[in-house]
Asker: 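Here it is, the structure, as structure tokens.
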Amino acid sequence: MARLGEKWTLLVLNALADGPKRFGHLQKRIEGVSQKMLTQTLRNLERDGLVAREVLNDRPIQVAYSLTPTGKDLLPLATALKAWVEAHYLVIEGNNMRYDAMFGS
């Protein structure tokens, strides 16, 4: 459960929804993610069994990431949650600004 609450998890899962991706493609597709955070997120998702890492070529090393069956089972929920966030992001940001103006942050 904690993994799903991490900032980049849902974005990585959604980026892999339409098939395997190499690291560079994921980094371009997920706006704002640093190399360090993408690496950490992919490792954590691999550890949890949601993402599989496959070495395609060893010279130079090329790696592709894809959703496991467990990751694919989670995808409908991840997609729905991402859509909810996108639909409500501006409202939440406005609420945060009003709260911070009233109570300081």
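For the numbers below, each heavy atom of this structure counts, side chains included, while hydrogens, waters and symmetry mates do not.
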Asker: Do you know the tightest heavy-atom contact between L13 and A78?
Answerer: CD1-CB, 4.2 Å
Asker: Can you list the residues that meet the side-chain hydrogen bond (donor to acceptor under 3.5 Å, both in side chains) rule with K82, with sequence neighbours excluded?
Answerer: E86
Asker: Between P76 and D73, which heavy-atom pair has the shortest distance, and what is it?
Answerer: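 Residues P76 and D73, closest heavy atoms: CD-O, 3.4 Å.
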Asker: Answer yes or no: is there a side-chain heavy-atom contact under 4.5 Å between R3 and L45?
Answerer: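 Side chain of R3 against side chain of L45, heavy atoms only: contact under 4.5 Å found.
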Asker: Please name all residues satisfying ring pair (Phe, Tyr, Trp, His ring centres under 6.0 Å) with H88, sequence neighbours left out, ordered by chain then number.
Answerer: W84
Asker: If you draw a 6.0 Å radius around CD in E31, do more than 12 non-hydrogen atoms from other residues or ligands fall strictly inside?
Answerer: no
Asker: My understanding is that a hydrophobic cluster links ILVMFWY residues whose side chain heavy atoms are under 4.5 Å apart, including indirect links. Using that, what else belongs to the cluster containing L90?
Answerer: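 Hydrophobic cluster check, L90: joined to Y89.
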Asker: Kindly compute the distance separating CG (L75) from CG (N14), expressed to the nearest 0.5 Å.
Answerer: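 Separation between the atoms: 6.0 Å.
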Asker: Would a 4.5 Å heavy-atom cut-off, applied to side chains only, mark L16 and L26 as touching?
Answerer: yes
Asker: Check side-chain hydrogen bond (donor to acceptor under 3.5 Å, both in side chains) between R29 and all other residues, then give those that pass, not counting sequence neighbours.
Answerer: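 So R29 forms a side-chain hydrogen bond (donor to acceptor under 3.5 Å, both in side chains) with D18.
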Asker: Supply the atom-to-atom distance T9 OG1 to K7 NZ, rounded to the nearest 0.5 angstrom.
Answerer: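 If I round to the nearest 0.5 Å, the distance is 12.0 Å.
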Asker: Is it the case that one hydrophobic cluster holds both L56 and L67, taking links as side-chain heavy atoms less than 4.5 Å apart, direct or via other members?
Answerer: no
Asker: Is there side-chain contact between V51 and T68, with heavy atoms separated by less than 4.5 Å?
Answerer: no
Asker: What pairs of donor and acceptor atoms, side-chain ones from residues 35-44 against any protein atom, are under 3.5 angstrom apart with sequence neighbours left out?
Answerer:
unit_1: T39; atom_1: OG1; unit_2: Q35; atom_2: O; d: 2.9
unit_1: T41; atom_1: OG1; unit_2: M37; atom_2: O; d: 2.8
unit_1: N44; atom_1: ND2; unit_2: Q40; atom_2: O; d: 3.3

Asker: Counting C-beta onward and ignoring hydrogens, is there a side-chain heavy-atom pair between L4 and L74 closer than 4.5 Å?
Answerer: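 Yes - at least one pair of side-chain heavy atoms lies under 4.5 Å apart.
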Asker: Which distance, rounded to the nearest 0.5 Å, do you find between the NZ of K21 and the OG of S66?
Answerer: 10.0 Å
Asker: Report the residues that fulfil ring pair (Phe, Tyr, Trp, His ring centres under 6.0 Å) with F23, sequence neighbours left out, ordered by chain and then residue number.
Answerer: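 Scan of F23 (ring pair (Phe, Tyr, Trp, His ring centres under 6.0 Å), adjacent residues dropped) gives none.
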Asker: Is it true that a side-chain atom of T70 and a backbone atom of L50 form a donor plus acceptor pair closer than 3.5 Å?
Answerer: no
Asker: Going from CZ on R22 to OH on Y65, what distance comes out if it is rounded to the nearest 0.5 angstrom?
Answerer: 11.5 Å
Asker: Can you tell me how far CG of N57 sits from CD of Q62, rounded to the nearest 0.5 angstrom?
Answerer: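 These two atoms lie 5.0 Å from each other.
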Asker: If you count heavy atoms of other groups shown closer than 6.0 angstrom to CD1 of I61, is the number above 12?
Answerer: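 It does not: I61 CD1 has 12 such atoms or fewer within range.
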